[in-house]
Amino acid sequence: MPLALLALAVGAFGIGTTEFVIMGLLPEVADDLHVSIPTAGHLVSAYALGVVIGAPLLAAVTARLSRRTVLIGLMALFVAGNVLSAFAANYDYLLAARFLSGLPHGAFFGVGAVVATTMVAPERKARSVSLMFLGLTVANVVGVPAATLMGQHLGWRATFLGVSVIGVAAIASLAFLIPHDHAHAPAVGLRRELAALRSVPVWLALGTTVAGFGALFSAYSYITPMLTDAAGFAEGSVTLLLALFGVGATAGNLVGGRLADHSLRGTLFGGLTSLAAVLALFPLLMTTEWTAALAVILLGVAAFVTGSPLQLMVMEKASAGPSLASSANQAAFNLANAGGAWIGGLALAAGFGATSPAVAGAVLAVLGLGVAGAAATVDRRRGVPGRERVVATHVPHEAEALHH
């Protein structure tokens, strides 16, 4: 694996840290800016809105630029958003800065995934994507807890300055380690990117992402009340348990990348089936503390086994212009976040019990399996080669670029 993947992982680490750290600092931010905690919670929504809007928009407007230049520019925008967050004079300015910080998120992962796959042999594409995503999962284990502690002891503004430093390190890494595009898959232009996005298989792949990760967020958004009300954990233990989720997610991400290089579709079906099973068992697993801890780890593993296969599936279906579709998949992840949380909340509001969001998530995972099955059927009808390892079926564009 090329060292350049480390640069992408550093950028992913910074992005993952800034995305999730605000959730642990809401009381400090609310107190300092004299707003209520529910109002401060809109900072989470502002970032997510930035991701959903920025992912396809920035990928589209930068379609004709060098992917290396695009990645550096996106990370510069990320740094600017976090610096502005650190120096925000009031709540409204911080809200705008959080929106700005979210804009490059999806495009960075989308374009970065394309770059990662062009730097490795076809049989290692999924593994290269998983190594980039490793920065995101490690952020949940190390970056978010460390940044939260920094904010609690030095003030929340120090946290955003610290994340900005990570962003600067990522820019330096990208500049020194990412090859120039004339040697690795040049950008294809907006017209081809848009044409690739009109494909039915691409939209089926995006639908699988929304349903599959909606299943995760249906449960994960309400994991704290599950652990405290159902499993009996003290509130102070939740932070450690969420770190266990990050460990599971990291393991699942690495395993998923390796398995997907052997069978992309098989890994996707296996991951969604495992996710549905784990979520369906949550009411039973949340009855004791040790089984609840196991459930948290298994949730991270099962969900993130599908991360790199889903990303790569979208890119393969849009092989003529993968950057826009790859970035759109990141928007789909965030739609899954919002939609899954909403569906899980409906289950709670209906009075079905503390673990009902997980059961609702299991239904979403089954829906994801159905969409993935429909995608497989479309492939068969279109005469796509029946090899389960879809990774190598659309190599010509990238392989040709490697020789020019």
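Predicted, not measured: the structure shown is a model, and the values here were computed from it. All residue numbers in this chain count up from 1 along the given sequence.
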So which heavy atom on [X] is nearest to which on [Y], and how close?
X: G368; Y: T208; result: O-CG2, 3.9 Å
X: G214; Y: A336; result: N-CB, 3.3 Å
X: L279; Y: G361; result: CD1-C, 3.4 Å
X: A347; Y: P357; result: CB-N, 4.2 Å
X: A86; Y: R157; result: O-NH1, 2.9 Å
X: S218; Y: L364; result: CB-CD1, 4.2 Å

Hey, what do you get for [atom1] ([X]) to [atom2] ([Y]), rounding to the nearest 0.5 Å?
X: I171; Y: L74; atom1: CD1; atom2: CG; result: 10.0 Å
X: L33; Y: E28; atom1: CG; atom2: CD; result: 11.5 Å
X: D32; Y: N90; atom1: CG; atom2: CG; result: 11.0 Å
X: H153; Y: T159; atom1: NE2; atom2: OG1; result: 11.5 Å
X: I343; Y: L348; atom1: CD1; atom2: CG; result: 13.0 Å
X: I223; Y: L241; atom1: CD1; atom2: CG; result: 8.5 Å

>> By the salt bridge (Lys or Arg N to Asp or Glu O under 4.0 Å) test, which pairs, at least two apart or in different chains, include something from residues 81-96?
In response: none

> Does the pair T18 and F160 meet the rule for a side chain to side chain contact (heavy atoms under 4.5 Å, CB included), with working shown?
Replying inline: CA-CA 7 Å; T18 204; F160 290 113; 3.9 Å; yes

For a 4.5 angstrom cut-off between non-hydrogen side-chain atoms, does [X] reach [Y]?
X: M132; Y: V115; answer: no
X: M286; Y: L227; answer: yes
X: V51; Y: F333; answer: no
X: V35; Y: H42; answer: no
X: N140; Y: F245; answer: no
X: V165; Y: V79; answer: no
X: L134; Y: T137; answer: yes
X: L174; Y: L8; answer: yes

Using modelled atom types only, decide if a donor and an acceptor are shared between the side chain of [X] and the backbone of [Y] within a distance under 3.5 Å.
X: S173; Y: A7; value: no
X: R258; Y: R127; value: no
X: T117; Y: K125; value: no
X: N329; Y: A325; value: no
X: T377; Y: G373; value: yes
X: T267; Y: A260; value: yes
X: S36; Y: T39; value: yes
X: N253; Y: F304; value: no
X: Y222; Y: A341; value: yes
X: Q311; Y: S326; value: yes

>> The test is side chain to side chain contact (heavy atoms under 4.5 Å, CB included); show your working for L58 and L77 and say whether it passes.
In response: CA-CA 11 Å; L58 292 179; L77 182 60; 4.1 Å; yes

> With sequence neighbours left out, which residue pairs that include part of residues 93-112 fulfil the ring pair (Phe, Tyr, Trp, His ring centres under 6.0 Å) condition?
Replying inline: Y47-H105, H105-F109, F109-F133

>> Applying side chain to side chain contact (heavy atoms under 4.5 Å, CB included) to M150 and V21, what does each step give before you reach the verdict?
In response: CA-CA 10 Å; M150 178 186 292; V21 73; over 6 Å; no

>> Could you work out, with salt bridge (charged side-chain N to carboxylate O under 4.0 Å, His left out) as the rule, every residue matching D31, not counting sequence neighbours?
In response: none

>> Below 30° counts as parallel, above 60° as perpendicular, anything between as tilted: where do the rings of F217 and F213 land?
In response: tilted

>> Walk me through whether L240 and F233 qualify under side chain to side chain contact (heavy atoms under 4.5 Å, CB included).
In response: CA-CA 11 Å; L240 175 60; F233 279 102; over 6 Å; no

